[in-house]
Amino acid sequence: MTEYRISGVWYEDDVIEYYAIHEGTLAELSRATKTSKAEAIKIVANPKNNVRTIKWNYVTAKWVKGEEVNVTTGANRYLHTVPNSTVTDNLSHLIDYDWLS
């Protein structure tokens with residue numbers, strides 16, 4: 001099983017089009033790769049992959065494990081998390097990396 005972590009997003013016209021995806025766990029995290037929405041959906045939809053969000057903890061200056069990432073079904077597919085049965089659409093709560101280009 002391959003482990004992936006998503007730390008942030010890039011927007012185009014207020015729609016998430018790219019995700020910052022890291023390969024590995026918190027103990028062995030790779031640098032983020034700017035990944036298209038279509039490719040991110042393929043990674044998350046693959047049952048051999050485990051994909052979770054990560055969030056930056058400013059107090060400890062470390063990444064912390066977030067929620068499991070899933071793909072919606074239907075024609076307009078996107079990524080989301082389901083913490084405590086509350087859907088967070090599109091992972092918009094993650095870091096906005098638009099300033100990095």
Distance-minimising heavy-atom pair for Lys34 and Tyr18: CE-CG, 3.7 Å
Closest non-hydrogen atom pair between Tyr97 and Trp10, with its separation: O-NE1, 2.8 Å
For Arg77 against Ile41, the heavy-atom pair lying closest together: O-CD1, 3.6 Å
Distance, nearest 0.5 Å, that separates NZ of Lys65 from NZ of Lys55: 12.5 Å
Contact summary for Thr35 and Ala40, nearest pair of heavy atoms: CG2-N, 3.7 Å
Co-membership, hydrophobic cluster, residues Leu94 and Val15, 4.5 Å side-chain: no
His22 side chain vs Leu29 backbone, donor-acceptor pair below 3.5 Å: no
Residues Glu39, Lys37: salt bridge by 4.0 Å N-O rule: no
Straight-line distance of Lys42 NZ to Ser36 OG, nearest 0.5 Å: 7.5 Å
Side-chain heavy atoms of Asn70 within contact of Thr81, under 4.5 Å: no
Shortest non-hydrogen contact from Trp63 toward Ile95: CH2-CD1, 3.9 Å
Ile16 versus Tyr11, closest heavy-atom pair with distance: CG1-CE2, 3.4 Å
Evaluation steps, side chain to side chain contact (heavy atoms under 4.5 Å, CB included), between Val69 and His80: CA-CA 6 Å; Val69 178; His80 67 96; over 6 Å; no
Check: Tyr19 and Leu79 side chains under 4.5 Å, non-hydrogen atoms: yes
Spacing of Ile6 atom CD1 and Arg52 atom CZ [to the nearest 0.5 Å]: 11.5 Å
Any Thr2 side-chain heavy atom under 4.5 Å of Glu23 side chain: yes
Common cluster, Val64/Ile54, ILVMFWY with side-chain heavy-atom separation under 4.5 Å: no
In one Ile/Leu/Val/Met/Phe/Trp/Tyr side-chain cluster, 4.5 Å: Ile43, Met1: no
Worked check of side chain to side chain contact (heavy atoms under 4.5 Å, CB included) between Arg5 and Thr25: CA-CA 7 Å; Arg5 302 295 177 254; Thr25 63; 4.0 Å; yes
Side-chain (Asn49) to main-chain (Val51) donor-acceptor, under 3.5 angstrom: no
